[in-house]
Every structure is written in C-alpha cells, then in structure tokens.
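Single-structure report; data block below.
Order of the sequence lines sets the chain letters (A, B, ...), proteins ahead of strands, with each chain counted from 1.
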Protein chains: 2
Amino acid sequence: MEKENTYYGVKEIARRANVSIATVDRVLHNRSGVSEKTKKKINDIIKELDYQPNILASRLASKKIISLAVLLPRVSEETDFWEAPMKGVTRADSEIKKYGVQVTTFYFDLNDPATFNEQAAAILNGDFKGVLLAPSFIEESRKFIRSCREKRIPFVFIDSDLPDEDNLCYIGPHLFQSGYVGAKLSTYRLKEKHKVAVVNISKETDGYNYLQIEEGFRSYFKDHDLPIEIIRIDIKDTDSLSVTRDLTRALHKDDDIEAIFVTNSRVFSVAAFLEKSKRSDISLIGYDYLKENIAYLNTEQIDFLICHKPEEQGYRGLMALYQTLVLGAPVEKTYFMPIDIITKENQAFYQN
Amino acid sequence: MEKENTYYGVKEIARRANVSIATVDRVLHNRSGVSEKTKKKINDIIKELDYQPNILASRLASKKIISLAVLLPRVSEETDFWEAPMKGVTRADSEIKKYGVQVTTFYFDLNDPATFNEQAAAILNGDFKGVLLAPSFIEESRKFIRSCREKRIPFVFIDSDLPDEDNLCYIGPHLFQSGYVGAKLSTYRLKEKHKVAVVNISKETDGYNYLQIEEGFRSYFKDHDLPIEIIRIDIKDTDSLSVTRDLTRALHKDDDIEAIFVTNSRVFSVAAFLEKSKRSDISLIGYDYLKENIAYLNTEQIDFLICHKPEEQGYRGLMALYQTLVLGAPVEKTYFMPIDIITKENQAFYQN
DNA sequence: TATATTTACGGGTACGTACCCGGCATCTTA
DNA sequence: TAAGATGCCGGGTACGTACCCGTAAATATA
C-alpha cells in the first residue's frame with residue numbers, strides 16, 4: 001500500500017524550471033535573490049501544478065516560533081464563566097503547540113478597568129504576533145487595539161464585539177438575535193401579559209453588547225404586538241448584597257413582573273434572590289452554562305439558559321490567529337455562534 | 001526565536017538507553033529483533049520521558065496508507081438528512097488525507113435493506129482497516145458487524161445505536177433523553193391537556209432507536225403526572241400520499257389531538273399535511289435541521305425541531321477511527337451528542 | 001584593466017521518524 | 001570444528017521543506 005503520488009512538491013517544480021530547490025523556496029517565501037525572469041517561470045509552474053505545500057514537512061523543517069497573546073477576564077469568585085473560553089484556548093494551544101506556536105495568557109479584573117490597561121501594556125511590550133481578547137471595557141479596548149493596529153498586530157474579539165474596528169475577526173453571538181430569543185423564552189409562562197424585566201448586572205451597563213441584547217429583546221415584543229411593559233433594571237455592583245437590594249426595590253415598585261431576563265451569566269444571583277423571596281411565579285431566563293446556573297435550572301428557579309459556546313469561542317479565536325499567521329489562510333470576518341437553549345432536560349448533554 | 005526543546009524524541013531515548021535510534025524505533029512499533037532486556041530499558045525511558053511521537057515527522061516518513069469505509073444511507077428525494085453526516089465525513093477526510101488516510105463511501109437505500117447487504121459485502125471484500133456506519137437496519141447491521149468482528153475490523157456507529165455489541169464507539173444522541181425533551185416541548189402550547197400523538201414514519205417502526213425515544217417521551221408525562229393520552233401512529237410507507245392517508249385516518253379517530261411529536265426528520269411531511277388541513281391549532285415537534293423543516297419552522301407550522309449535530313457525528317465518527325488506527329489513541333466508548341432545540345428565532349445560527 | 005561589490009543561484013544539512021540493509025556475535029548441526 | 005542459521009543491533013537514507021553557506025557571473029568602482 002503506497003501513498004498516492006498525486007501531490008507535486010518543490011522538487012518537481014525545481015526540475016521543471018531547471019533550477020534548484022533552494023531557488024523555488026526563495027520564490028515561495030518571496031525572499032530576495034531571484035531574477036524576475038526565473039521568478040515568473042517558477043510562479044507559472046507553481047500555478048500550473050496548483051502546488052500545495054506540505055504543512056507537515058514545512059513546520060517540521062522550520063524553527064520559527066510564533067508568540068500569541070490572550071487577554072481575558074480572570075475567573076473570579078463571582079463568576080467562573082471565563083473558565084470555558086480559557087479551556088478552549090488551552091485546547092487550541094495544545095493542538096498547535098507542536099507547530100511552533102506559543103501562547104501567553106494575560107488576565108484582567110472585570111471590576112477594575114485599570115487592570116485591563118496594565119495587561120494590555122504588557123502585551124504591547126512583549127513581542128507578540130497576534131492577540132485574542134474579550135473587549136469587556138469599551139473605551140480601554142478601543143485604545144488598546146489602536147496600538148495593535150499601529151504595530152500591525154492582528155487581533156480577534158470573542159464574546160462581544162466592538163463595531164467599526166478593523167479586527168481580524170469577531171467570534172461570538174449575534175447579540176441582537178440572542179436578546180430576541182431571550183424574549184421568546186420569556187413568554188413561555190406568561191399569563192396576564194403584564195410586565196417583564198430586563199436586568200443588567202455589570203459595571204458596564206451601557207456597553208454596546210448590552211444595548212444590542214436589549215434591543216433584540218424589545219424587538220420581539222414589538223414584532224409580535226405584545227403590549228407588555230418592559231422594565232429595565234441596572235445593577236452596577238455585582239456582589240450579592242447589591243443585587244438583593246436593587247431587586248427588592250425594583251420588585252416592590254413593580255410587583256406584577258412575570259418574567260425576568262438577565263442579560264449575562266449572573267442570573268444565578270437573581271435566582272438566589274427569587275428563591276429566598278419564595279417567588280417561583282416569576283420565570284427567569286439568563287445566560288451561560290455555569291455550575292450555579294445549572295443548579296437553579298435543576299430546581300426550576302431558572303427556566304431557560306441561553307448559551308453561546310464559550311469554550312468554542314476561545315478555541316476558534318486562537319485557531320483564527322493560527323490560521324492567518326501560520327498557515328496564511330484567510331478567515332471569516334465574523335463568526336456568529338449558535339444561540340443555544342438550555343433547559344433542565346437537555347442540560348446534561350450540553351457542550352459548552 | 002527558537003522552538004523550545006521541551007519535547008524529547010527518539011534520539012534522546014536512544015542516547016539514554018545507549019542504543020541506536022533504530023532499536024528505539026523497533027520497540028516503539030513493537031517489531032521483533034530486540035532483546036527483552038533492552039526492550040524493558042527503552043520502555044522505561046519512554047514512560048519516564050512521557051514520549052509523544054511527532055506525528056508530523058511520523059506521517060512524513062511513513063509511506064503506509066490506511067483505508068477506511070463509510071456506510072451511510074443515500075440522500076434521497078424524500079429526505080436529505082444524510083447530507084449532513086456526509087459533510088462531516090468529507091471534512092474529516094480532507095483533514096486526515098494528508099496523514100495517509102483514504103476514505104471510501106458506500107451508500108444504501110433506506111427503503112431497501114437488500115442494498116445495505118450488498119454494500120456491506122463490498123466493504124468486507126475490500127481491504128479496509130475500519131468502518132463507520134449508521135445501523136439503520138437492525139438485523140442486517142447485526143450480521144455485518146459480526147463479520148467485521150471476525151475480521152478484526154473496528155467499527156463505529158453514528159446516529160443510532162445497537163446495544164450489546166462491542167463496537168469501537170457510538171456517536172449520537174441519548175435517545176431516551178431526546179424523547180424526553182421532545183415531550184417537554186410538546187407541552188409548550190398544550191391547553192386542554194387531552195391527547196398528544198407520537199408519529200413514527202419509517203420502514204423500521206419497531207427498531208431500538210424508536211422504542212427508546214418513545215419511552216423517553218412517555219416518561220416525561222409520567223414524571224410530571226400529566227394525565228395525557230398518548231396516541232401512537234406508525235406510518236410504514238414514507239411517501240407523501242401514505243403519510244396523508246394515515247394521518248387523516250388517525251386525526252379523524254382522535255380529533256382532539258393537541259400536539260404531534262414526529263420521531264425523525266420526516267416531520268415536514270406532517271407539517272405539509274397540517275398546512276393543507278389548515279390545522280394550525282396542533283403544535284408540531286420533530287427532528288433535524290433540513291431545508292424543508294426550517295421552512296415550516298419559519299411559517300410556524302412546526303414549533304420546535306430537535307437536532308443532534310449530524311455533521312459533527314460524521315466528523316467525529318471518522319476521527320474516532322483515525323485516532324485508534326493512526327494515532328493509536330483510545331476513544332470514548334459512547335459520545336452523546338447535545339440535544340439541541342431549534343426554534344424559528346435561533347435557527348439562522350444553528351450549526352448542523 | 002584590475003579589484004570590489006552585488007546579483008543569482010546551487011549544494012548540502014537539518015527537522016524527527018520509518019525502515020532497509022548489512023554486520024557481528026552466539027548458537028546449531030553435521 | 002567449520003559452515004550455516006539466528007538473534008540483536010547500528011548505520012544510513014528517505015520523507016518534503018527551510019535555510020545557511022559558498023560561489024560564479026554580472027556589474028560597479030577605481
């Protein structure tokens with residue numbers, strides 16, 4: 001059993017062009033030292049044979065290593081959501097490590113924009129050939145990627161987008177549509193059709209992503225002519241006490257809220273509050289496959305979770321950099337993640 | 001920038017064992033010609049260094065090719081469901097082709113068990129090192145895999161399982177739980193809580209998979225003490241006329257059916273029937289991300305689709321064979337696919 | 001015209017593994 | 001005891017590409 005010899009390599013190209021392998025190699029990597037005439041001749045043969053380099057041999061022979069930086073929120077006691085993207089990053093790393101890629105991870109604190117700036121500066125100081133980041137802080141991220149662009153370092157966004165920036169690509173949810181799905185799920189147990197609340201628990205309550213999600217959420221009710229009042233609740237401090245305080249006040253003001261849609265993974269803190277308040281009449285929808293959230297899904301305090309495959313985002317994000325920088329292959333400008341619906345019944349088989 | 005030298009190769013092993021590279025190689029491929037003593041010494045060093053062979057170099061140096069067979073239903077006019085697993089197979093093929101793997105696909109007709117037997121025989125005649133198949137016909141598959149076992153050819157099931165057989169692995173849904181989710185979704189628009197129908201449109205109406213799904217479906221109602229009558233409707237002939245005839249009869253007999261759960265991808269033919277009969281009062285749940293099904297999802301004739309990532313099944317199935325046969329790495333015995341819920345709202349972003 | 005510099009290219013080795021071939025002991029057998 | 005058989009092992013080349021180094025010819029400079 002012999003391997004088919006359908007592939008032509010540099011050797012065949014060299015033979016046909018009456019030059020040495022080294023010269024063909026120079027043309028392939030457009031290094032200097034080849035006359036225009038031979039260069040053209042070789043390029044023609046390359047095209048004619050539809051030459052595909054053998055990546056195995058190429059990476060084997062090359063000694064170059066490529067350094068990539070990853071800039072993500074640190075896993076905190078408050079939420080371990082970012083564990084998942086990191087898992088994806090690690091998986092990608094171990095796959096491409098043998099191809100000469102080295103990944104360094106930098107963490108920032110979601111409650112402290114200054115840490116983002118610090119880490120971003122560290123990345124700019126290092127000699128990195130590409131960056132993967134979650135642009136959680138809008139302004140800080142804008143500043144950072146401006147520097148990247150100046151240094152010609154390609155960058156990839158995951159989880160949330162920053163519009164109008166010439167990033168390499170965005171890998172994450174279609175935020176508007178995600179809110180739209182959240183709205184539909186919110187109507188699942190709606191009876192009197194009075195009020196629903198959309199809750200944002202985050203330092204950055206007027207960021208681009210949040211606005212997009214809320215817009216999608218509202219659009220669903222508009223599109224279906226549902227005369228429902230939507231209460232917006234912003235909770236700037238993410239600790240459990242603040243959540244309890246703000247929610248108590250909000251539910252006191254509007255006691256006929258029938259459904260709550262939390263725009264991020266902190267839905268478990270709302271679930272905890274509702275449980276303590278013995279409010280099982282309010283349906284609760286939120287985001288992300290976290291241990292805490294799944295627990296409340298199982299006790300039916302949470303009705304649905306929406307999830308955007310965070311692990312795959314990390315994996316694909318790093319792979320996108322690998323593809324452009326190592327393989328020189330083009331990547332899609334935006335890659336929308338599926339909008340997965342998790343219930344008590346199907347959660348056991350969900351792939352984060 | 002130099003590649004880190006964290007990896008030890010055969011050279012280092014040879015050096016430490018005071019033998020040549022060739023001898024290490026003999027041990028690695030447990031070929032003959034090495035004394036027990038040196039063999040043990042080398043194996044100890046291999047373990048100590050946690051030696052991982054460089055697949056790049058290995059496949060580059062090897063001239064062997066490995067042939068794999070794929071046995072799947074042909075895409076028919078009736079349903080193009082099997083396009084998706086084939087896409088996954090093709091994707092895996094193109095990824096591993098360069099590692100010296102050759103894939104040959106055999107198709108059978110879902111309406112004719114004889115074609116399965118023919119193709120199975122053809123595979124047994126060829127010199128294949130592994131088989132990926134969908135055991136759609138229970139008895140025929142049993143016979144086929146018995147021969148595979150005798151010839152020591154590993155086989156992988158996708159889409160549906162055959163219990164109690166020592167296959168390499170099963171990649172597909174947890175059928176019982178899938179039916180359970182289907183039941184929950186069936187209650188979405190239930191009002192009077194009278195009757196629901198579970199419809200099986202297939203030549204093989206008493207196969208293992210169908211029974212598992214129905215059991216899961218019934219269990220949901222039992223677990224939640226819902227006093228609902230479940231009507232079972234078997235439709236042996238899959239053409240549109242037969243479906244119409246059988247459904248007309250069934251709905252005439254039980255005119256208070258509120259929800260229909262179709263146990264496979266042929267839910268679109270039920271949707272077509274309901275549309276013609278102007279029965280938008282019946283909620284309809286079925287399987288798989290097909291063009292026809294999505295169309296009815298968009299017109300809201302179908303409420304929910306359940307999907308088990310058919311493309312990934314094909315991809316992973318082939319990769320499982322690749323892993324065992326080429327890389328010699330172990331694979332999970334069963335790999336349950338997620339039970340994805342598709343609605344009109346999230347369908348645009350579904351990854352089959 | 002003689003010398004220095006640049007241009008254009010080929011030879012050859014390395015990457016880590018697979019595997020052929022040949023050689024040196026040790027062991028059989030007559 | 002000599003001839004062959006066998007067990008055990010090392011040398012060396014190949015896989016397809018990357019890239020260093022050397023060199024002859026072409027061109028520039030004196």
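Atom NE2 in B:His29 sits about 12 Å away from atom P in C:dC20, given to the nearest Å. Distance CZ (B:Arg31) to P (C:dA18): 8 Å, rounded to an integer number of Å. Between the NZ atom of B:Lys40 and the P atom of D:dC8 there is a distance of 17 Å, rounded to whole Å. The nearest whole Å value for the distance from the CD1 atom in B:Ile42 to the P atom in C:dT17 is 14 Å. Rounded to whole Å, atom P of D:dA18 lies 10 Å from atom CZ of A:Arg59. With rounding to whole Å, B:Lys64 atom NZ is found 9 Å from C:dA18 atom P. When the C1' atom of D:dG16 is taken as reference, atom CD1 of A:Ile13 falls 11 Å away, rounded to whole Å. Taking atom CG on B:Leu60 and atom P on C:dA18, their separation rounds to 11 Å, with Å as the unit.
The minimum heavy-atom distance linking B:Lys129 with B:Ile66 is given by the pair CB-CG2, 4.0 Å. Smallest separation of non-hydrogen atoms from B:Gln119 and B:Tyr107: CG-O, 3.1 Å.
Distance from the side chain of B:Ala57 is smallest to C:dG16 among C:dA8, C:dG16, C:dC19. In the set D:dC19, D:dC9, D:dC15, the nucleotide with an atom closest to the side chain of B:Ala61 is D:dC15. Checking D:dT17, D:dA18, D:dC9 against the side-chain heavy atoms of A:Asn54 singles out D:dT17 as nearest. Considering only the side chain of A:Val10, D:dT17 comes nearest among D:dT17, D:dC19, D:dG16.
Defined by atom type and a distance below 3.5 Å, a donor-acceptor pair is present between the side-chain atoms of A:Lys333 and A:Asn167.
Listed by residue number, A:Val19, A:Ser20, A:Ala22, A:Thr23, A:Arg26 are the residues of residues 19-28 of chain A with a heavy-atom contact under 4.0 Å to DNA chain C.
For A:Phe106 and A:Phe128, the gap between ring centers is short of 6.0 Å.
Using a 30° and 60° split on the angle between ring planes, A:Phe336 and A:Tyr170 fall in the perpendicular class, above 60°. Ring geometry for A:Phe137 against A:Phe108 counts as tilted: the plane angle lies between 30° and 60°, on a 0 to 90° scale.
For the OP1/OP2 pair of D:dC15 and a distance below 4.0 Å, the side-chain nitrogens and oxygens of A:Lys11 include at least one atom meeting the criterion. Residue A:Lys37 places none of its side-chain N or O atoms closer than 4.0 Å to OP1 or OP2 of C:dA8. A sub-4.0 Å separation between OP1 or OP2 of C:dT17 and a side-chain N or O of B:Tyr51 is present. Contact check, A:Thr38 against C:dA8: no side-chain N or O comes under 4.0 Å of OP1 or OP2. Dashed line: the shortest gap from a side-chain N or O of B:Ser62 to OP1 or OP2 of D:dC15 is not under 4.0 Å.
Separating the CG atom in B:Leu71 from the CD1 atom in B:Ile123 is a distance of 4.5 Å, to the nearest 0.5 Å.
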- prompt: With Watson-Crick and G-U wobble geometry limited to distances under 3.5 Å, how should the secondary structure of DNA chain C be encoded in dot-bracket form, using | for bases paired to another strand and [ ] for crossing pairs?
  reply: ||||||||||||||||||||||||||||||
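Ion pair A:Arg146/A:Glu150 not flagged as a salt bridge, since none of the NZ, NE, NH1 or NH2 atoms sits closer than 4.0 Å to an Asp/Glu carboxylate oxygen.
Both A:Gln52 and B:Gly33 sit near DNA chain D, but only B:Gly33 has its closest nucleotide nearer the 5' end.
The side-chain hydrogen bond (donor to acceptor under 3.5 Å, both in side chains) search around B:Asp340 returns B:Lys309, B:Tyr350, not counting sequence neighbours.
Relative to the ring axis of B:Tyr8, B:Arg16 places its NZ or CZ within 45° and under 6.0 Å from the centre.
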